[in-house]
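Throughout, a chain's letter reflects where its sequence line sits, starting with A, and its residues are numbered from 1. Treat the numbers as computed from the prediction; the structure is a model and nothing was measured.
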Amino acid sequence: MFHHLRPAIASLLALTLVTGVAYPLVVTALAQATFPEQANGSLVRDARGTLRGSALLAQPADGPQWFHPRPSAADYASVPSGASNLAADNPALAERIAADARALAVPGQGPVPLALVTTSASGLDPHLPPAAARYQVARIAAARGLPVEALERLVAQHTRHPAVGPAVVNVLALNLALANRAGL
Amino acid sequence: MQLHDFGLILAFFVLVLAPAPWLGRYLYRAMEGQRTLLTPLLQPLERLCYRVAGVDPGAGQDWKRYTGALLAFNAVGLVLLFLILVGQGALPLNPQHLPGMEWSLAFNTAVSFVTNTNWQAYSGEASLSYFSQMLGLAVQNFVSPAVGLAVLVVFCRGIARRSTADLGNFWVDLTRATLYGLLPFCLVLALLLVWQGVPQSLHAYVQAHTLAGGEQSIPLGPAASQIAIKQLGTNGGGFFGVNSAHPFENPTAWSNLLEVAAIILIPVALLFTFGHYVGDRRQSRALLASMLILFVLGLGATLWAELRPNPALAALPVEQIGSLEGKESRFGSVASALWAVTTTAASNGSVNAMHDSFSALGGLVPLFNMMLGEVIFGGVGAGLYGMLLFVLITVFLAGLMIGRTPEYLGKKLEAREVRLLVATLLVMPLGVLVPAALAACLPGAAAAVSNPGAHGFSQILYAYTSGTANNGSAFAGFGANTPYHNLMIALAMLLGRFGYILPVLAIAGSLAAKTRAPQGSGSFPTHGPLFVVLLTLTLLLVGGLTFLPSLALGPLAEHFAAVGGA
């Protein structure tokens, strides 16, 4: 095996230069040239240029006046992100969901959307199913003194329907619109 | 299931199956040094690699020399990666000033990436510098599937060649697999992923002021380039800790489709590469049929299980749909189930949903896929050579039934080959059942379990199955980052990788030395529906039955307790 050592080390170094140095640098250069916004993390800035977050990462939004993203097992930590990893039959899961559902339930609006009481896989899910956003509209309308219809229009405006996946609405986009009063 | 769910599944099969015949032919021509579309671009680079390595590309190797070269390359790779991980604190490209890894975790991680497993007991964004990701992990993400592909083409040559010891040259196969087989496709996929929103930057993490008045650290890095090879090379090691569930790794339903198709693109194409080697495309179609049967059955069962409401929540005032705990909104139950089945059929350890929170049966299918030894398409190269071992076993069993010397494509199977075949059958049980039983008995080891009841046992079983099958996904609540599990899972990964590669190379050597017996009227045909059925049943019986008792203790017990309300 020892006479193989020289080609082994030399091949590994050569392939490291190709796949570990040249390849990521070429991709970085091409990505920065063609899609700079996405390549740098889809960052979102407000009108004054302050960095407010990434369109792709959920952020905590407490208070009745905001759309709430899905619950996060890691409390929206981004370094590192994390999931609950509770088994379907773990009593802790049913207990947590029961408590959250009690707190969230709006009389007359039917059962609580499951997305609002289950933690996402990443803990940073930036989206909600449209029904889970609409479920929060009455609360936000009351807190902000806005008409319910305007908020429902806002949700509809921001809903995306990809042909190969479920309809979703971006929570940060909704909250930015609320903050800027845009489209309301 | 709604319209977009059918759209996803249809698009997936089209993306995977439509290019396979063309891609399979391209890979055959590339691996045999014939001219391809990309030869003018890549040949100078290929020649440069040989010159640097001091390799004569025309020099053939017998199976022992080939094996020696392969082992030397993997040993050097293991040592170098271990040193990078332990020493990253002193290396460049570390804008977050992350310290070196603890030794047992570094050993586990190095074994994991060298064996194409990508089991991750760490969280990338919190523990790894850009240097470790790019020059350490990403390099093994390229060369470990390239090694798998090399072993596969040696097996093909062993079947196709006659009365020779020459099986090709490891350094040539390794270089061609990396440069022609993986690199061009990664470049295209990486840019598509950036377009969908995956970051690709060498900038340090940035701080944002959230709308609600808090602070958020936004991790960045050269993610897209690494995620492309992570999927195309059936690796699966996430750039970020929560892997392909992270919105930066997999931002949209479209990126999800591209990635899940990329995972089995090359393994499916290799079926056709095999057909070119043996000069018989009917063989490709028979293997494809058997794999598709098992894949579709597994997908159907997982979809059924994941679309049913969780019985534990039936009495609560919440929407009664398939569970969304540990799933992302942009994927939902269907894309999560498709991903789980695809990644565990192939040996890709990435997850876009947390398997730990799947229903009992939704978690059983991924587990069972891995227990078969990752042969339903499987890892790049590794899946097909694993499947070919089952083909030889089927041929042997058929030979016993009809009372003739078993032969496959004109090569007689004799005592030596059958002994080696039986040795490979022992790899999965040895790597899974023994350490899982140990871990369940040792109090310190069992403390890694995070869920109560039968599911806790499933967590242990999943960890060692994933390691031995070189998959890399996890029931992620399992606290695997302890010296005990780091070392034991590393051993399982080594056994699962080299416990197949060594016998496969030995069988290839012994087949290549044989003459080709003429196909007579008594030969058992290895194509057509009869053989497909026989092969599929052999897989389920020989591969699967071994694990039935352990499945009964884990996911099956969990399922019956859940539906029975116990």
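When only modelled atom types and interatomic distance are considered, Ser217(B) and Glu215(B) share no side-chain donor-acceptor pair under 3.5 Å. A donor-acceptor pair shorter than 3.5 Å cannot be found between the side chains of Thr252(B) and Arg330(B). Looking at Thr210(B) and Gln216(B), their side chains never bring a donor and an acceptor atom within 3.5 Å of each other. Using modelled atom types and a 3.5 Å distance limit, the side chains of Ser359(B) and Glu306(B) yield a donor-acceptor pair.
His455(B) touches chain A through its side chain: at least one heavy atom from C-beta onward sits under 4.5 Å away, while N, CA, C and O do not. Of the atoms belonging to Leu182(B), not a single heavy atom falls under 4.5 Å from chain A. Proximity to chain B is limited to the side chain of Gln32(A), based on heavy atoms less than 4.5 angstrom apart. No part of Leu193(B) comes within reach of chain A, as not one of its non-hydrogen atoms sits under 4.5 angstrom from that chain. For a residue to count as touching a neighbouring chain, one of its non-hydrogen atoms must lie under 4.5 Å from one of that chain's; by this rule Ser42(A) touches chain B with the side chain only. Interface residue Gln140(B): only side-chain heavy atoms are found under 4.5 Å from chain A. Contact annotation for Leu179(B): only side-chain heavy atoms (C-beta onward) come within less than 4.5 Å of a heavy atom of chain A. With a threshold of 4.5 angstrom between heavy atoms, Ala476(B) approaches chain A through its backbone and through its side chain. Contact annotation for Leu135(B): both backbone and side-chain heavy atoms come within less than 4.5 Å of a heavy atom of chain A. In this structure, chain A has a heavy atom under 4.5 Å from the backbone of Phe358(B), while its side chain stays farther away. Interface residue Phe331(B): only backbone heavy atoms are found under 4.5 Å from chain A.
Among residues 75-84 of chain A, the residues having any heavy atom closer than 4.5 Å to a heavy atom of chain B are, in sequence order, Tyr76(A), Ser78(A), Val79(A), Pro80(A), Ser81(A), Gly82(A), Ala83(A), Ser84(A).
Between Leu137(B) and Leu81(B) the shortest side-chain heavy-atom distance falls below 4.5 Å.
Listed options Leu10(B), Ile9(B), Thr67(B), Val76(B) were ranked by heavy-atom pairs under 4.5 angstrom with chain A; first place goes to Val76(B). When each of Gln96(B), Gln459(B), Gln2(B), Glu125(B) is scored by its heavy-atom pairs under 4.5 Å with chain A, the top score falls to Glu125(B). Among Ala58(A), Ala115(A), Ala39(A), the residue making the largest number of heavy-atom pairs under 4.5 Å with chain B is Ala39(A).
Classified by interplanar angle (parallel below 30°, tilted 30° to 60°, perpendicular above 60°), the ring pair Phe35(A)/Trp195(B) is tilted.
A donor-acceptor contact shorter than 3.5 Å links the side chain of Ser329(B) to the backbone of His127(A). In this structure a side-chain-to-backbone donor-acceptor pair under 3.5 Å is missing from Thr50(A) to Asp46(A). Judged by distance alone, with hydrogens and angles left aside, the side-chain atoms of Tyr135(A) form no donor-acceptor pair with the main-chain N or O of Gln109(A) at under 3.5 Å.
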Just do the side chain to side chain contact (heavy atoms under 4.5 Å, CB included) check on Asn310(B) and Glu325(B) with the steps written out, would you? CA-CA 10 Å; Asn310(B) 181 354; Glu325(B) 182 73 11; over 6 Å; no
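Under a cutoff of 6.0 Å and an axis angle of 45°, Arg139(A) and Trp66(A) do not form a cation-pi pair.
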Which pairs would a plain distance check flag for residues 161-174 of chain A, meaning a side-chain donor or acceptor within less than 3.5 Å of a matching protein atom at least two apart in sequence or in another chain?
{"residue": "Asn170(A)", "atom": "OD1", "partner": "Leu172(A)", "partner atom": "N", "Å": "3.0"}
{"residue": "Asn170(A)", "atom": "OD1", "partner": "Ala173(A)", "partner atom": "N", "Å": "3.0"}
{"residue": "Asn170(A)", "atom": "ND2", "partner": "Ala55(A)", "partner atom": "O", "Å": "2.8"}

